[in-house]
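See structure below.
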Amino acid sequence: MPWVYLLLAIAAFALALKTTSPALMAVGLLAALGLMVAGVMSLLARRLDNTSRDVSYIIDPVELRRLREEAEARKLAANQSEPPQR
């Protein structure tokens, strides 16, 4: 779909170059600019979508709390097993 935007932008730019009417030229240039921005944004959105992680791998709050409690328990156990330093 982004390529369609870019092709339409090229067509609008060609229309703006070929016309003799200043109003039609302004409309063509504005349309070319808008379609070019839409095409580039669509390409960027597609690229971001392809590089994003899968949502199913996100940790839920219960699992996160359990992992934190395990880490705290390991930390307390490590601190209690070490002799105090002078």
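Reckoned from all heavy atoms, side chains included, excluding hydrogens, waters and symmetry mates. Treat the numbers as computed from the prediction; the structure is a model and nothing was measured.
- For Arg66 and Glu70, the salt-bridge test passes: some basic side-chain N is under 4.0 Å from an acidic carboxylate O.
- Phe13 and Met25 fall within a single hydrophobic cluster, where Ile, Leu, Val, Met, Phe, Trp and Tyr side chains are chained together by heavy-atom contacts under 4.5 Å.
- Look at Lys75 and Glu72 and you find no salt bridge, because none of the NZ, NE, NH1 or NH2 atoms lies under 4.0 Å from a carboxylate O.
- At a threshold of 4.5 Å between side-chain heavy atoms, the hydrophobic network of Ile, Leu, Val, Met, Phe, Trp and Tyr places Ile10 and Leu15 in two separate groups.
- Contact record, Leu64 with Ile59: N-CG2, 3.6 Å, taken as the closest heavy-atom pair.
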Let me have the donor-acceptor pairs involving side chains of residues 37-48, under 3.5 Å, with sequence neighbours excluded, atom names and distances please.
none

